[in-house]
Amino acid sequence: MAEAIAKHAYTGGAHAPVKKATFELFARPTAKTGLVGWLTTVDHKKIGMLYGGFAIFFFLVGGLEALLIRTQLIVPNNHFLEAQTYNELFTMHGTTMIFLAVMPLNAAFFNLLIPLQVGARDVAFPRLNSFSLWVWVVGAILLNVGWLSHFVPAWKFGGAPSVGWFGYAPLTSKAFTPQLSTDLWVFGLQVLGLSSIVASLNFIVTIINMRAPGLTMMRLPVFTWMALVTSFLLILALPAIAIALVEVMFDRNFGTNFFEVSGGGQPILWQHLFWVFGHPEVYILILPPMGYVSEILPTFSRKPLFGYPIIVFSGVAIGFIGFGVWSHHMFTTGLGNVATAAFALATMAIAVPTGVKIFNWIGTLWGGQIMTRVPMMFALGFIWMFMLGGFSGIMHSAAPADAQQQDSYFVIAHFHYVLIGGATFALLAAIHYWFPKFFGRMVPEFWGKLSFWLIFIGFNCTFFPMHFLGLNGMPRRTWTYDSNMGWNEGNLVASCGAYLLGLGIFTYFAVLIWSFFKGKVAGNDPWDGRTMEWSIPSPPPEHNFAAIPTVHARDAWWYEKHHQEEIAQERAEHIQAEESHGGIHMPDQSWYPIIAAFGLLIGTYNMAQLHHPVEMFNKVIFATHLPLAITGLCILVTACYLWSLEGPGGYHLHIAPDGKVTESRGDH
Amino acid sequence: MNSHAATIDHHHDATTATGIPNKKLLWWAFLASDCMFFGALISTHLVYRLNPPPGNAVPTQIFNIELTSFSTFILLMSSLLMALAVNAIQRGNVRSTRTMLLGTMFFGCLFLGGQVFEFTHFVYVKKMTLSNSIFGSTFFTLTGTHGTHVAIGVLLLGMMYVRTFKPAQGGGLLLNFVHLLAVCVTFGVAFIWFVPGMIEVVYGASFSELLREHAIPFAAGIVGLIALIALGRTRGAVEFGEKNAIDVEAIGLYWHFVDIVWIIIFTAVYLLEYL
Amino acid sequence: MTRTRPAYRKFFRFAPAFLAGLGLVLLTSCNKVHQVFSLSGPQSTMVTDGPVAARQWDLFMITVYVTTFIFIVVGAVLAYAQIKFRAKSEADEKSEPPHQGHGNPLIEIGLIAASVALLVIIAIPTVRDIWYTHDVPDEEKGNALDVTATGYQWWFQFKYDTEMVKLPAGGETPLVTGNELVVPAGRPIRVQVRTVDVIHSFWVPKLAGKVDMMPNRANFLWFKADRPGYYYGQCAEYCGESHAIMRFRVIALAQPDYDKWLANQKQPARSVTAKSLAAAASVPRVQFASMKLESGAALSGSPEFDANPLAAWHKQQDVEKDEDPALVAKGRQLFSDKTCVSCHSIRGHEGIGVTGPDLTRVGSRSTVAAGVLENTPQLLGEWLRRPNHYKPGNKMWFGGFKVQDTQGEWQPNPKLSELSDAEINALVSYLHSLK
Amino acid sequence: MSAPATTADAGHHEPSKFHFYIQIAMILSVITGVEVVLVYLPIAKWFVVTALCTLSAVKFMFVIFFFMHLRWDKVFCTILFFIGLVLAGGTMWALLHIFGADASKPLSAAMLETAHLAIA
Ligand code: HEA
Ligand code: HEA
Ligand code: CUA
Ligand SMILES: [Cu+2]
């Protein structure tokens with residue numbers, strides 16, 4: 001009985017009767033490859049790869065923006081860029097790197113790995129997952145369309161957003177930035193937030209509810225734990241910025257007074273709401289990387305993670321304390337002594353759980369057999385660099401000292417150490433580590449190591465001098481500086497370092513592309529891994545597991561490798577049981593998620609310019625964008641409705657004893 | 001699998017690791033997130049109440065506490081009906097579920113109508129707009145967001161209601177769509193024009209005047225209502241049944257949440273002003 | 001994974017050691033690198049000149065000591081583990097896996113306790129200094145000078161709340177200056193920071209950390225200059241297009257000098273008459289042919305200026321010897337005719353505007369346009385000719401030299417758009433006569 | 001499975017909570033009534049505020065535990081929801097304290113005060 005339910009309720013919904021005569025607006029696509037296959041996919045691995053591909057593209061774009069920034073600052077009083085362009089560049093650099101590069105890269109790994117690590121066939125809500133992806137794309141488009149006005153005068157967006165990545169009110173009010181770019185920034189972030197919330201809800205349910213038998217919470221791989229904490233942070237932190245963005249949007253479009261001083265508004269409220277989100281956000285960026293590192297270090301030390309429960313607990317603690325420290329970004333806004341002191345102390349407290357992680361990673365290395373493969377080098381680089389970044393964070397937390405550091409290059413140094421030395425290093429480690437799993441090919445060691453050293457050296461040359469620039473009084477977000485300030489050499493070194501770093505990044509990705517086509521074919525388990533994803537073929541088949549595994553220990557695969565007979569028998573039984581009740585159920589692809597996202601694009605794009613007339617072919621078509629905005633929202637609602645009627649659908653896979661997979665639809 | 005062959009335990013799902021159905025978990029997580037949404041909104045409102053600027057609206061001169069208390073009561077009743085709808089479907093009673101869903105929507109509509117009345121009253125009679133005072137900005141945004149939640153709730157309930165008619169043998173998408181349209185039109189007209197109008201009448205406006213003023217929407221509403229009644233008759237076997245209890249329950253969670261948010265708003269935004 | 005170790009491995013193995021060595025050599029020998037890490041610029045937070053900044057630096061150093069200590073300890077252990085436990089050979093990697101140990105709670109608790117203890121070392125002075133840096137200490141309150149600094153996009157206005165000047169029309173008003181805050185050394189200064197538009201921030205690194213100028217908030221900070229000096233300040237909160245060059249200066253003077261300066265400030269604007277001239281001038285001093293400035297140059301301080309800025313500032317206070325009364329009078333006329341008066345005030349002369357800095361004594365300032373250009377005749381002329389080149393988006397260009405048409409497009413203002421060299425010459429003479 | 005579900009064997013269902021729900025709803029309405037009356041009663045302000053907060057909290061709990069079935073569901077649902085609730089509550093509490101502090105008095109409100117002083 002329970003098995004029967006299992007089969008149906010796997011996708012969580014109603015089971016359609018056998019002979020269905022649904023009036024279908026769009027036939028459910030079945031193509032697994034090709035454009036349609038990718039656009040309508042609900043397979044978590046494909047969605048993960050799409051996330052990853054887009055994110056890497058935007059990482060390069062953000063990096064290019066950074067290189068332009070560094071080029072402008074290479075000498076004093078430079079005229080390479082105009083002030084306005086520079087402001088657009090750093091705004092978009094920050095926004096891109098955070099929302100369009102690191103977050104989606106993490107989302108990519110969530111998608112790729114969570115179902116594999118918990119032993120599931122997909123996420124809990126596969127179509128919702130595809131919706132998150134396409135909504136994210138909508139947000140990325142909205143944020144970046146502004147660039148077009150630099151190339152096509154007809155697009156009057158007023159350039160890319162230029163309010164800084166935290167868009168402090170009242171600079172975002174219509175009086176100071178009347179351009180459309182700011183509206184697009186507001187809507188872009190809002191849409192990205194929606195995407196993240198939806199995706200996170202999905203991951204939370206997947207991790208909590210779709211664990212394979214025997215996989216208790218305290219056996220969950222650390223990466224998955226960190227993904228869970230991150231997802232919680234996302235659903236709890238994003239609402240704050242969502243409300244703040246709504247308020248700005250109302251201020252800009254409907255004359256409300258939230259941040260309008262003449263009406264009694266207090267712009268500081270924006271800062272509070274932003275950082276209530278913004279600080280947890282930085283842990284959203286770093287916790288998944290801590291997860292990657294916690295997977296990679298044990299693998300290459302050939303030892304389990306030291307102090308697993310404490311690492312997990314400290315991750316949760318970081319997430320929790322992270323909600324109580326937001327005002328450390330506002331030490332200079334005159335919070336009052338008590339609040340300043342309270343937030344300073346709370347901020348320092350975060351060093352403790354973070355330190356615990358560092359200590360346990362060292363504990364993991366201790367007594368191991370360290371194999372310095374490329375992922376391991378990035379992971380070790382992560383520990384070193386993140387520690388340095390954490391220390392400058394502690395320096396910030398001493399509020400009176402921060403009065404000198406805030407908005408100076410010292411902050412830039414701090415957060416690039418944690419964001420690049422931390423998050424990015426770990427991501428590069430992760431990409432390298434899991435590349436063989438998802439593409440079935442190895443990345444050559446030599447080129448990997450070369451790119452590591454280029455990146456490591458370039459990174460330190462770029463950002464180490466920035467500490468000194470900051471202490472020497474160089475403010476951030478300045479498009480130019482004078483030659484008598486003592487900043488010339490530091491900036492020159494930093495810019496040269498940035499080029500080196502760029503070269504390293506270029507090498508890294510060029511090698512990946514080469515390996516994709518020409519790399520040595522990897523086996524299922526090239527690194528002698530410890531978690532479940534290494535137990536299945538590379539690249540993983542559509543259904544992930546021929547049989548849902550039963551988990552017996554914390555490092556599930558490691559355990560299986562050392563208890564092979566027992567496991568083999570268990571496996572065979574599982575396969576048989578599954579086949580006896582109809583085979584492996586797989587969800588159907590669907591058009592509706594992407595159509596809904598398209599509706600959202602039309603809706604938000606037009607809502608952003610509500611008060612402008614719609615012009616086409618030099619003619620005013622509508623007096624406002626309202627009709628188009630409503631059209632977009634109607635598409636969205638209709639698509640969601642059809643989506644709910646469509647049901648999860650599905651087909652079955654049957655695995656023959658010789659491993660051949662066949663597909664069956666309908667009757668069973 | 002047959003619905004009478006198995007007892008469906010509505011508090012335990014054997015297919016998930018925790019025994020909590022996926023959908024229920026999703027909605028509870030979403031509600032946790034929604035707490036932060038309203039937390040941020042209510043904070044904004046209260047923060048601006050702490051130190052009001054000159055020229056701010058004076059809430060007690062604007063509010064109509066009788067009407068708001070009545071709305072609160074209405075929303076509580078809708079919660080009751082929602083709970084009963086879940087109760088009914090968990091016992092496999094589709095008929096009763098439909099009635100309860102309609103009832104919930106009806107009360108939701110009354111609440112929304114009350115809010116539409118309140119808003120227009122504040123704007124045109126009390127001269128408090130979204131933009132002429134900070135109180136107006138925060139008040140309308142907070143209660144408006146809540147109202148939007150209610151409206152989305154009504155829409156979701158409408159979709160659920162229509163779905164209970166989905167024939168067992170499939171097909172009928174078009175009819176389904178028309179049905180949903182009828183729901184939208186009827187309830188839309190009810191809360192945008194009819195209910196606020198009736199409140200005016202209670203406060204002394206003339207009914208015939210009202211009819212004349214909104215003749216077109218009212219006509220549309222009546223057409224919608226007739227369509228609803230016509231389409232609402234049972235036509236053969238339906239797919240919807242006890243196994244869908246989780247779907248109804250999920251929407252129920254949302255609906256009750258909107259209710260508890262109002263419990264807080266009612267105290268924090270309205271009642272406390274009277275002290 | 002090849003059997004034999006490729007040669008490159010050797011290189012990579014020694015890379016860290018090589019790097020560390022290279023770093024050390026560079027650090028100790030090369031002068032350039034020395035400059036990178038030296039913190040003695042005009043906005044250094046290390047070379048402090050007042051108690052607030054000194055406290056902040058000392059606190060910073062405490063954090064540095066503590067974290068360096070941790071870094072050395074943790075780093076040493078980490079480095080040791082990395083070297084000691086590295087698989088020495090291919091065979092090592094394939095051998096029996098090491099003991100699968102899971103952790104040790106005692107070590108963990110010990111480390112947590114140690115971390116907390118180290119944090120307490122930072123926390124105590126942090127809390128103490130939050131209170132110290134917040135407001136003037138009680139015993140000095142009576143001696144404090146109150147000023148109000150107001151941020152505008154992209155310049156600063158300074159108001160001496162207690163120093164009143166007589167208005168020509170009768171009544172009195174607090175003394176107002178722009179972009180240069182002159183204060184007495186040795187006395188605590190309490191600055192109320194305000195803004196008229198977006199958020200700015202008041203930051204004079206050598207004297208005190210920054211406090212933001214928040215709209216709708218009564219923020220303030222205090223500082224004291226230990227000795228007379230010329231201090232660089234900068235807006236530290238991103239405030240729009242020209243945030244980068246929203247600068248200002250604080251000049252601390254010995255009390256007698258300050259009193260003299262104040263007395264002069266309270267006078268109406270200086271008028272040049274033939275009688276007041278020391279010697280007759282013949283040639284116009286401004287040579288516009290050389291006005292082009294190469295990129296990369298110092299705009300706000302020439303080498304002579306930088307050698308001793310305070311002295312340069314004092315020199316700037318002196319009336320010029322070779323003034324041409326006719327030219328000055330022409331400049332004064334132009335100042336009205338060209339509608340400069342609508343934005344600027346010159347107390348005692350024409351001018352009622354408040355959207356731009358008060359120019360009553362603009363000739364005695366050491367910089368033009370909020371610290372962007374040194375106030376030489378040549379650079380002042382540059383400013384008047386191309387304000388938008390030196391300060392993109394500034395409100396003198398957009399609003400003065402350019403005005404918006406009905407479509408919202410910026411069109412040149414026929415009155416102001418292009419000033420001729422002769423006009424600029426006259427205006428500069430006039431503005432520089434205002435000492 | 002497509003038969004109208006009313007025919008299903010009632011014995012397999014859990015007992016109906018119809019009357020129970022109605023009782024809860026009545027309690028909720030009564031509490032609401034008491035709240036509205038409370039604000040008009042001439043009693044000490046602190047008492048009314050405390051009473052209002054308590055009563056709202058009681059209503060809140062009634063709805064989530066009975067109407068929303070938390071009482072009958074796995075505790076994890078309760079924990080999940082309370083994470084959000086506690087964080088939201090904590091953030092609100094912190095924000096209200098920060099904005100209630102003297103340092104946070106906005107200039108516009110201060111203006112109002114001086115205006116009052118001028119009149120007085
Ligand atoms: C990945 C992102 C990330 C991470 C992990 C962190 C981690 C930390 N950050 Fe950082 N931070 C940012 C990203 C991040 N930050 C960004 C992007 C900004 C700027 C935003 C902007 O303005 O644009 C910022 C700004 C910022 C500020 C505001 C500066 C300012 O604008 O004035 C502060 C102030 O307190 C701060 C503090 C901290 C602290 C205390 C930590 C701690 O979590 C660090 C803890 C780690 C360690 C301390 C190292 C390891 C610990 C040990 C070895 C144990 C022993 C140590 C001790 C006992 C000290 N950060
Ligand atoms: C994860 C986040 C992240 C990452 C990875 C980076 C990466 C880099 N950042 Fe980052 N930075 C931020 C987040 C990040 N930054 C944020 C949040 C801000 C604050 C913004 C604000 O103030 O609002 C900021 C601000 C900031 C500034 C300060 C600007 C200012 O205040 O005026 C500077 C200046 O040097 C800088 C430099 C760099 C450099 C050199 C890199 C390098 O690491 C980049 C390396 C990558 C490359 C060099 C790419 C190489 C690519 C190619 C060679 C091929 C290109 C091809 C195609 C596009 C197809 N950044
Ligand atoms: Cu003013 Cu930056
Ligand atoms: Cu932070």
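Since this is a predicted model, take the numbers as computed values, not measurements. Below, chains carry the letters A, B, ... as their sequence lines are ordered, and counting in each starts from 1.
With chain C as partner, the option from A:Thr177, A:Thr340, A:Ile268 having the largest number of non-hydrogen pairs under 4.5 angstrom is A:Ile268. Among the candidates C:Lys84, C:Met213, C:Gln234, the residue making the largest number of heavy-atom pairs closer than 4.5 Å to chain A is C:Gln234. Among A:Met474, A:Gln405, A:Gln266, A:Glu82, the residue with the largest count of heavy-atom pairs under 4.5 Å with chain C is A:Gln405. The most heavy-atom pairs under 4.5 Å with chain C, out of A:Val163, A:Asp402, A:Ile310, come from A:Ile310. Per-residue heavy-atom pair counts under 4.5 Å with chain C were compared for A:Ile383, A:Asn472, A:Val493, and the maximum is reached by A:Asn472. When the candidates C:Thr67, C:Val211, C:Thr63 are compared by the number of heavy-atom contacts under 4.5 Å with chain A, C:Thr67 comes out ahead. In terms of heavy-atom pairs under 4.5 Å with chain A, the best-connected choice from C:Met46, C:Met61, C:Gln82 is C:Gln82. Looking only at heavy-atom pairs under 4.5 Å with chain C, the residue among A:Ala344, A:Pro400, A:Ala398 that has the most is A:Pro400. The candidate with the highest count of non-hydrogen atom pairs below 4.5 Å against chain A, out of C:Trp203, C:Tyr232, C:Trp57, C:Tyr132, is C:Trp203. Across C:Val47, C:Leu118, C:Val127, C:Ile199, the residue that shares the most heavy-atom pairs under 4.5 angstrom with chain A is C:Ile199. Taking A:Phe90, A:Trp361, A:Phe331, A:Phe452 one by one and counting their heavy-atom pairs under 4.5 Å with chain C, the maximum is reached by A:Phe90. The choice from C:Val116, C:Val66, C:Val74 that makes the most heavy-atom pairs within less than 4.5 Å of chain A is C:Val74.
Judged by distance alone, the side chain of C:Lys210 and the main-chain N or O of A:Gln406 form a donor-acceptor pair under 3.5 Å. Side-chain atoms of A:Asn87 come within 3.5 Å of backbone N or O of C:Glu241 as a donor-acceptor pair. C:Thr195 places a side-chain N or O within donor-acceptor distance of the main-chain N or O of C:Val198, the cut-off being under 3.5 Å. For A:Gln404 (side chain) and C:Ser44 (main-chain N/O), no donor-acceptor pair under 3.5 Å exists by modelled atom type. Side-chain N or O atoms of A:Glu88 include none that pairs as donor or acceptor with a backbone N or O of A:Ser162 at under 3.5 Å.
The side chain to side chain contact (heavy atoms under 4.5 Å, CB included) check on C:Leu111 picks up A:Phe359, C:Ile107, with sequence neighbours excluded. In this view, A:Lys561 and A:Asp525, A:Asp528 satisfy the side chain to side chain donor-acceptor pair (under 3.5 Å) rule, not counting sequence neighbours.
In this structure, A:Arg476 forms no cation-pi arrangement with C:Tyr238, as its terminal cationic atom is not both closer than 6.0 Å to the ring centre and no more than 45° off the ring axis. A cation-pi contact, defined as under 6.0 Å to the ring centre and within 45° of the axis, links A:Arg477 to A:Phe166.
For C:Ala208, the part lying under 4.5 angstrom from a heavy atom of chain A is the backbone only. Contacts between C:Asp135 and chain A at a heavy-atom distance below 4.5 Å are absent for every atom of the residue. For A:Leu469, no part sits under 4.5 Å from any heavy atom of chain C, backbone or side chain. For C:Ser201, no part lies under 4.5 angstrom from a heavy atom of chain A. Neither the backbone nor the side chain of C:Arg55 comes within contact range of chain A; no heavy atoms are under 4.5 Å apart. Contact of C:Asp129 with chain A is made through backbone and side chain together, with heavy-atom distances under 4.5 Å. Contacts between C:Phe220 and chain A at a heavy-atom distance below 4.5 Å are absent for every atom of the residue. With a 4.5 Å cut-off on non-hydrogen atoms, C:Ala53 touches chain A through its backbone and its side chain both. Interface remark: A:Thr364 contributes no atoms to any contact with chain C (heavy atom separation under 4.5 Å). A:Leu335 touches chain C through its backbone: at least one of N, CA, C or O sits under 4.5 Å from a heavy atom, while the side chain does not. Residue contact with chain C, scored on non-hydrogen atoms closer than 4.5 Å, involves the backbone and the side chain of A:Met485 alike. Contact of C:Phe305 with chain A is not made at all, since no heavy-atom distance falls under 4.5 Å. Of the atoms belonging to C:Pro392, it is side-chain heavy atoms, and not backbone ones, that fall under 4.5 Å from chain A. For a residue to count as touching a neighbouring chain, one of its non-hydrogen atoms must lie under 4.5 Å from one of that chain's; by this rule A:Ala169 touches chain C with the backbone only. With a 4.5 Å cut-off on non-hydrogen atoms, A:Phe176 touches chain C through its side chain but not through its backbone. In this structure, chain A has heavy atoms under 4.5 Å from both the backbone and the side chain of C:Glu237. Contacts of C:Trp131 with chain A are made by both backbone and side-chain atoms, with heavy-atom separations under 4.5 Å. Using a 4.5 Å cut-off between heavy atoms, A:Leu471 touches chain C through backbone and side chain atoms alike. For C:Gln153, the part sitting under 4.5 Å from any heavy atom of chain A is the side chain, from C-beta outward, and nothing else.
If you look at A:His467 and A:Phe464, their ring centroids are closer than 6.0 Å. Between A:Trp366 and C:Tyr80, the distance separating the two ring centers is shorter than 6.0 angstrom. Checked against the 6.0 Å centroid criterion, the rings of A:Tyr168 and A:Trp270 do not qualify as a close aromatic pair. The six-membered or imidazole ring of A:Phe313 lies away from that of A:Tyr308, with a centre-to-centre distance of 6.0 Å or more.
Classification of the C:Phe71-A:Trp384 ring pair by plane angle, with boundaries at 30° and 60°, yields perpendicular.
Counting heavy atoms from C-beta on, the side chains of C:Asp212 and C:Val193 never come closer than 4.5 Å.
Within the model, atoms CZ of A:Phe300 and CE of A:Met376 stand 7.5 Å from one another, a figure rounded to the nearest 0.5 Å.
Considering every non-hydrogen atom in both C:Val372 and C:Ile245, the closest pair reads CG2-O, 3.5 Å.
For the salt bridge (charged side-chain N to carboxylate O under 4.0 Å, His left out) with A:Asp555, the lone residue among A:Arg302, A:Arg530, A:Lys303 that qualifies is A:Arg530.
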